[in-house]
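Atoms within a ligand are numbered from 1 in the order they appear, just like the ligands themselves.
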Amino acid sequence: MCGIVGILGQEPVAMRLVEALRRLEYRGYDSAGIAVLEDGRLERVRAPGKLNNLVERLLASPLAATCGIGHTRWATHGAPNETNAHPHFAGPVAIVHNGIIENFKSLREGLLKDGVKTATDTDTEVVAHLIAQRLKAGDAPRQAVQNTLDKLEGAFAFVILFEGEEDLLIGARRGSPLAVGHGDGEMFLGSDAIALAPFTNRVTYLEDGDMAVLTRSSLELYDSQGRHTLRPLQFTQASALLVDKGGHRHFMAKEIAEQPDVVGHTMAEYLDFNAGRVRLPDMPVDLAGLSRINITACGTAYYAGLAAKYWIEQIARLPVEVDVASEFRYREAPLEEGGLSLVISQSGETADTLAALRYCKARGQKVAAVVNVPESTIARESDVVLRTFAGPEIGVASTKAYTCQLTVLAAFSIALARARGKLDDEGEARLVTAMNGLPRNLVRALREDGHIEEVAQKIAHSRDILYLGRGINYPTALEGALKLKEISYIHAEGYAAGELKHGPIALIDEDVPVVVIAPSDTLFDKTVSNMEEVAARGARIVLITDEEGAAHHGRNAFETISVPLADPFLAPILFAIPVQLLAYHAAVFLGTDVDQPRNLAKSVTVE
Ligand code: AGP
């Protein structure tokens, strides 16, 4: 994730912007920069690498301006160099951006047709030019920004500065976080309250689709329809905590909401959107020479591994074994020298998974670790790290780490298929393009939150709840059941939908809700017939499907939750959102400790 800040101050802002950016370093970055209005003119200083490189340049050419914007960049479009570093300029517009503009290629083609020349490979510069075009057409700054946002697809947060406008900052968000800081005769914008903590603890969190228009003495907020709106002023504890709840009631809610942002960040590490290719780090084995892969993990990470099995076997045609690490480490699995083992762990400290890693290495396997904590034990003992960029995950129930694990595993599956000659350029580009739509589709899936809360309250007093899924949606059924049971304490089980008639259907009666996870894919009709089997026995069906599935079969369900229609390849990532929200709202309704459920630890470092 990139970090963005803006200050309308009463004193020189250059070093204050750097101070704010330092508090966003945890998000990871490879370049940084600031832009200020010096005597009404836009000036900027940027540097590759760490913030100290930027500070050196600022010390060499001090800036006295009292308003400016700043950015720490994690490269998505364009190499991590000074040219591509933010802030980007276009005429009188300076902009910093966190997120991914999905349709930037077509927008850039339009600009080129209008005779506009772009100086970088970034999607952000395209946005700056679009705003400049609107200003030139006579729009006032707020209208110019709104007219530009209406053209964008993807997940983003912006902070924008305008030449000649010494007392104006505009911020906007869709899918990536942004907060306003209230000072005394000063106003601030930042990716989160942590960035603003050096200046204020009075914060207003923007909601999805909001735009903020700031002067040193005022804040005007507009919602996604362009209507004036109000958002609560909150007092944060960010100065005490490295990570705050971002205006959410629980860390789990914040982390569910962060998924468009962090999945986009993780994707950007492995997908080259321009070339339509996957870019893995150097692997310790020749992927083309593998005869199979074994995957071990625990809990939610294990379910990510199960989904990877479907991806790898379907598109790379390579046999995959997946084990829970606590079993794998004792079953004496035969492993051949030089083979590849995958381990998956958010914390990188889970004892069983670490033991499984050591078992594999002791038998001559090379180990690739999908981890969220790069300095963890599992990361250090692996031969290669496939890092997720979920950021710190505080809630014990894993959510954003899970979808980031799936994102990495999907990219790995595509690269493996290419290496084995099972996928051509066109096939790879098709899947990379489908993945490029994830942030936007995750934003849309999150918009079902209110409806899912209502559904959760209707089933929260159940004694037992079943989750059904077929094919690659079976791991999602298992994960949905785990989410629910670990934070609401309701007994829940995930089953392969086709397995129900072999015993579990005996559990069904009108007191047992059944959650059916069924995108309108090739297995949809079979899953629907399973759904009707349980409906015939009085069960209340909660059907989680896409718009197409809902149109055909929603009427048979007690409740239908809709997910955006997308390539079935992406289903494990998109359908994670509703099962996470269902569990979250059931737990909140029941009053359990959502972030710290009983008996559980965030990282199980004992056997
Ligand atoms: C997931 O919600 C649980 N908190 C738990 O199953 C977790 O996924 C498991 O303990 C593995 O943790 P790790 O990913 O840090 O290895």
| task | Verify the distance criterion only: is there a donor paired with an acceptor across the side chains of His250 and Glu255 at less than 3.5 Å? | result | no

Can a salt bridge be assigned to the pair Glu428 and Arg277 using a cut-off of 4.0 Å between side-chain N and carboxylate O?
yes

Check: residues 508-518 side-chain donor-acceptor pairs under 3.5 Å, at least two apart:
{"from": "Asp509", "atom 1": "OD1", "to": "Asp511", "atom 2": "N", "distance (Å)": "2.7"}
{"from": "Asp509", "atom 1": "OD1", "to": "Val512", "atom 2": "N", "distance (Å)": "3.4"}

Output for ligand 1, non-hydrogen cut-off under 4.0 Å, lists Cys298, Gly299, Thr300, Ala301, Ser345, Gln346, Ser347, Thr350, Val396, Ala397, Ser398, Leu482, Lys483, Glu486

Those residues at least two apart in sequence (or on a different chain) that pass side chain to side chain donor-acceptor pair (under 3.5 Å) with Asp546 are Ser520

Ring of Tyr584, cation from Lys483 - is the NZ or CZ under 6.0 Å from the centre and inside 45° of the axis?
no

Contacts of Arg317 meeting salt bridge (charged side-chain N to carboxylate O under 4.0 Å, His left out) (sequence neighbours excluded), chain-then-number -> none

